Amino acid sequence: MTDRQLVGKPVPRKEGRDKVTGQARYIDDLHFPDMLYGVTVRSNAPRGRIQRIEFENDAIPWSELTVVTARDIPGENSVALILLDQPYLADEFVNHREEAVLLLAHPDRHLVEKARRAVRIEIEPLPAIFSIEDSLNRKEVIWGEDNIFKSFQVEKGNVDEVWEGADFIIEGEYQTGAQEQLYIENNGVIALASPEDGVTVWGSMQCPYYVHKALLKLFPLPEEKIRVIQVETGGGFGGKEEYPSMIAGHAALLAWKSGRPVKLVYDRAEDMAATTKRHPSLTKHRTAVTRDGKLLGIEIDFTVDGGAYATLSSVVLSRGTIHAAGPYNCANVRIKSRAVATNAPPHGAFRGFGAPQSIFALERHLNKVAATVGLTPEEFRRRNFLHEGETTATGQVIHEKVDLNGLMERAFELSDYYQKRESFAEANKFSVKKKGIGFASFMHGAGFTGSGEQYLQSVVGVEATTEGRIRILAASTEIGQGTNTIFGQIAAEALKLDYDLIEVAKPDTGNVPNSGPTVASRTVMIVGKLVESAALGLKQTLVQGGFLTEDYTQENFQTACLAYIEKHGALKSFSQYKQPETIRWDDEKYQGDAYGAYAWAVYVAEVTVDPLTYEAHVDDFVALQEVGRVIHPILAAGQIEGGVAQAIGFTLFENVVWQDGRMANSQMTNYIIPTAADIPPIRVFFEETPYAGGPSGAKGIGELPMDGAAPAILNAIEHATGLSFNHVPLMPEALMLEMEKS
Amino acid sequence: MPDENGKCAVPCTVNGEAVTLHAYPMARLLDVLREELRLTGTKEGCGEGECGACSVLLDGALVNSCLVPILQAEGAQIKTIEGVASGEQLHAVQQAFIECGGAQCGICTPGMVLAAINLLEKNANPDETAIRNGLAGNLCRCTGYIKIFESVVRACQNTEAKS
Ligand code: FES
Ligand code: FES
C-alpha cells in the first residue's frame, strides 16, 4: 500500500483547469435551441395595492410576448422556505419596491427589455416603514400583528441580580448596515417546464434541494417530475442560498406558459437592487463588571431588519443571538433578540449569517468596558476568556481544548501588537496621519444551529463507476470555496486511492441525495464527514463480500469494484447524518449545545487614518484561527483572505444608500468594494487542534473570517484617533464629522 | 456599411484566426464574442466598465469588452481567454493560478488572467505595487486578491526558471 496522505496537501482544484482556460460553463454561457429570454417587472412603490397593469407603447408586439401574472400560477403562490408569506408574484398587495409583479419572455432579449420598460403598474400607495426603530415602534404594522418575524431569549444565571453589586455598568449601542453580496456572477437560471415532462431548472445556486422544495409547491407535480441542476456558480456567499428559489420559479412559470426553454439572468443593477443583502442590525449592550475587570453580567438586545418577508431571518437571528456574547465566561447573561419587518426587499443569508453583526457590537463594546475599568483591551479579555469546561451563553460546556489567551498572544506576536500599540501612540502626537492597531477575539459555530443538523438528516453517496473510478454523490455545491477538491481529498484519503481517481457528481436532484444546503460552514465538517463514512462503507462492502482484503493496492481496489459491479450491477454506499449522543439542544429554552464545534480566532488590524481625506486605510491584517485540522492549506487560506476582504469592504467601503426601501446605488460605479489596490496584506495563520467529530479532524471555516475584521478595524481606528465609532460602514463623511469636532 | 438587416461586417482576428463578424454597429464586442463566436469565457459582471470580468486584449491592450462597440474591433487583433493556452499547454499565468489558488469561483478568472498577462507583458518582473495597480481594474469577490498576487509572482518565477 502506498502512502496516500492527502489531507493537508494542496492538491490541484478539481475544476481549476476549466476555470483558468475559460471552459467552465456558467448559466449565462448555456444556450438552448428555441430559448426565450425572461424579464421581471417589479413594483414601483414600497407598499401598496395594485390597481391596474397597463401595456403601453404600441410599437411592442405584445401578442408575441409570454406574459405571466399571479393568476397564471398553477400551484401555490408562495416561495416555500420557512414560512409561506412571500409570493412569487404579487397579486393584490406589494410590500417592497422590488417585488415581482409580472414576468415577460420573448426570443429577442432586447425587445423583451424594451417591453419591460413599457409595462406600467399602477399602485395605490399604503404607508410604509424603512427603519428598525419605526418597525419596533409599530409606526405602521406591515407584517403579522407586530412586525416581528421571530424573537429569541437566552437566559443564563440571573442577570437581574448583578447590577446592584457591580462596580461599573457600561452601556453602548452599535449598528451595522446592509451589505450587498456582489458575487461577480449575477443570479440566473434556465428552465424547461410542461405538465407532461415536469420542470427542470439549471442555475447558479447553493442549495438545489431548496429550489426543489420551492418548485414542488409552485407546480402541481410529483417530486420526481421536478429536477434542479446546479451549474458552475460564480460566487454565492449566502446570496444564492434562498434567492434562486424565486428566480427559478419565475423562469419555470414562463417556460410552463410558453412551452419553451426560458433563460432568466439578472443584470447587475437588478441583482443588486432586488436580491438579498446582509441584515442591517442594531445592538444594545449593558454590562456589569467588577473593579478588577471580571464580567458579572451581560445584557444584550439585538435586532435585525428582515425586510418585507420572513425568508431566513429567523435563522440569521438565531446565529446572531447565539454568537452575541462571544467566547467569554460570564455567569449571568440575557440576550433578547428579534427580526423585524420593513418595506425593503427581504434581507438574507450572507456569510456569517447574523454573527458578524452581533460580534461587531460585542467586540467594540468590550473595548469600552475595558477602558472604563482602566484595563487594556487585551488584559480585560484575558480575565474573561472562556476555557475548557466553562459554558457559553446557551450553557454549552466547552469540551474542546481551547486556549484563547495563547491564541491572542500568538496573534500579537505575529502582528507586533505590543510594540506598535506604544510606538503608534507616541508617533501620533507628532504626525499628521494617525496610525492605530486593534484586535477582536471571537468564535464561530460550524454546522446548523442546535437541532438543525438532526432535522436535516443529510445523506451522501459514494459509488464506483464502470470505468473503475469513484464518484461522490452529494447536493453540496462548489461555489468557489473548494467543495469538489476537499471531497476528493477526503474520499481519496479514506480509501487510500489517488486523488485523481475521485470525481464529484454534478449536484442534480435527479441524481444525488440531499446532503443539505451549502451554508453554515457545514460542507467540510458535516458533509465531509459523511463523504468519509460513505467511502469507508463502500470499502467495507467490498471487504465483507470477499472482493477485497484490508491490505490492498489501488489496482486491487479497482478490480474489486469492477468484479462487484459485474456480479451485483452497481456498487454504491450511502451515509446519513446521525447527531452524536453528546449534543443536546433545547429549542424552547434556547439552551444547550448550539453547535457541534466552534472555530476560535483573534484578528489584528493595523490602520492609518488620514485627517485630510478622512480616509481610513487598513495597512496590515493578521488573521489567526484555530479551525481543527486544515484539509487544504491553500483553499483554507483563500477562504480566510476572501472573507477578510469582504469584511474590510463591510467596514470601510460598502455603503448601501437607501431611498424609501430601495437601493439607490445599485451599480458597481457607486457601490464600492475593495480592489486589488485597496486590500492590505492579509496574513493568515492556523492553529490545528483536530476535532474528533469532523473528517480527519476538520471543523468549519467559511464564515468565520467575516466576523472579526469590522470590530478589529474600528478598535484600531479608536487607537489611532481616540474616537469611538460604533457603526459600520464607517465612511469618510462620518470620520470627518467626528474628527472636526475633536 | 450595414447590410439590409442593419448589420455590419467587421473583419478582425480573434485568437489568431481571421474572422468576419456580423453585428449591429452599436453591438458590444462582449456580446459578439459570446453570442456569435460562442466564446463564452469572456464574462459579463457589470456591463458598465467597472468589474473587468469582460477583459480581453485588443491589439495588445487590456480593454473591457462591454464598453467596446464592435466597429472598434475592425482590423484588430483580439485575444480572449480561449486563446491563451497553446493547445494543452497552459500559459504560465494559468498554471500559476491553478498552483496558487488564484481562482475560486472562477468567474473573474478569465479577465484576471488576461490582466495579469497584460501586466507581465509590460513589466516582466512587477513589484507588489505594480501588481496591485495592474490588477486594480479587475474585481474579485472571492479571493481577497492575495492568492492572485501570489499567482502573478509564481508565474514570473516559473517563466524565469524556464528561460
Ligand atoms: S462587464 Fe465589462 S467591466 Fe464589468
Ligand atoms: S474567484 Fe470568484 S470572483 Fe474572483
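The shown structure was predicted, so the numbers you read here are calculated from the model rather than taken from an experiment.
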For [X], which atoms come within 4.5 Å of any heavy atom of chain B: side chain, backbone, both, or neither?
X: Leu635(A); result: neither
X: Arg17(A); result: both
X: Ala24(A); result: backbone
X: Asp267(A); result: neither
X: Asp18(A); result: neither
X: Gln23(A); result: side chain
X: Arg109(A); result: side chain
X: Pro680(A); result: backbone
X: His31(A); result: side chain

For the pair Gln94(B) (side chain) and Val20(A) (backbone), establish whether a donor and an acceptor sit closer than 3.5 Å, ignoring hydrogens and angles. yes
Ala645(A) backbone acceptor or donor facing Tyr145(B) side chain under 3.5 Å: no
Who among [options] has the most heavy-atom pairs with chain B under 4.5 Å?
options: Glu478(A), Glu185(A), Gln481(A); result: Glu185(A)
options: Val684(A), Ile479(A), Ile682(A), Val265(A); result: Ile682(A)
options: Pro10(A), Gly638(A), Gly482(A); result: Gly638(A)
options: Ala676(A), Gly22(A), Gly642(A), Ala637(A); result: Ala676(A)

Item checked: Asp29(A) and Arg34(B): CA distance, side-chain angles, deciding distance, side chain to side chain contact (heavy atoms under 4.5 Å, CB included) verdict -> CA-CA 8 Å; Asp29(A) 304 336; Arg34(B) 287 177 54 84; 2.8 Å; yes
query = Does a side-chain heavy-atom distance below 4.5 Å link Thr21(A) with Val84(B)?
reply = no
Among the options [options], pick out the one with the most heavy-atom pairs lying under 4.5 Å from chain A.
options: Gln95(B), His91(B), Arg38(B); answer: Arg38(B)
options: Lys43(B), Glu48(B), Arg141(B); answer: Arg141(B)
options: Ile98(B), Thr109(B), Ile146(B); answer: Ile146(B)
options: Thr129(B), Asn133(B), Thr40(B); answer: Thr40(B)

By side chain to side chain contact (heavy atoms under 4.5 Å, CB included), Ser55(B) pairs with (sequence neighbours left out) Leu62(B), Asn64(B), Asn138(B)
In terms of heavy-atom contacts, Tyr26(A) and Gly106(B) come closest through OH-C, 3.1 Å
To the nearest 0.5 Å, what is the distance between [atom1] on [X] and [atom2] on [Y]?
X: Lys19(A); Y: Cys105(B); atom1: NZ; atom2: SG; value: 6.5 Å
X: Glu50(B); Y: Thr669(A); atom1: CD; atom2: OG1; value: 4.0 Å
X: Leu182(A); Y: Cys46(B); atom1: CG; atom2: SG; value: 9.5 Å
X: Asp28(A); Y: Ile107(B); atom1: CG; atom2: CD1; value: 8.5 Å

Sorted by chain and number, sequence neighbours left out, salt bridge (charged side-chain N to carboxylate O under 4.0 Å, His left out) with Glu150(B) holds for Lys147(B)
Note to self: Is there a side chain to side chain contact (heavy atoms under 4.5 Å, CB included) between Arg13(A) and Gln104(B)? Walk through the geometry before answering.
What the structure shows: CA-CA 9 Å; Arg13(A) 174 183 279 276; Gln104(B) 286 191 19; 4.0 Å; yes
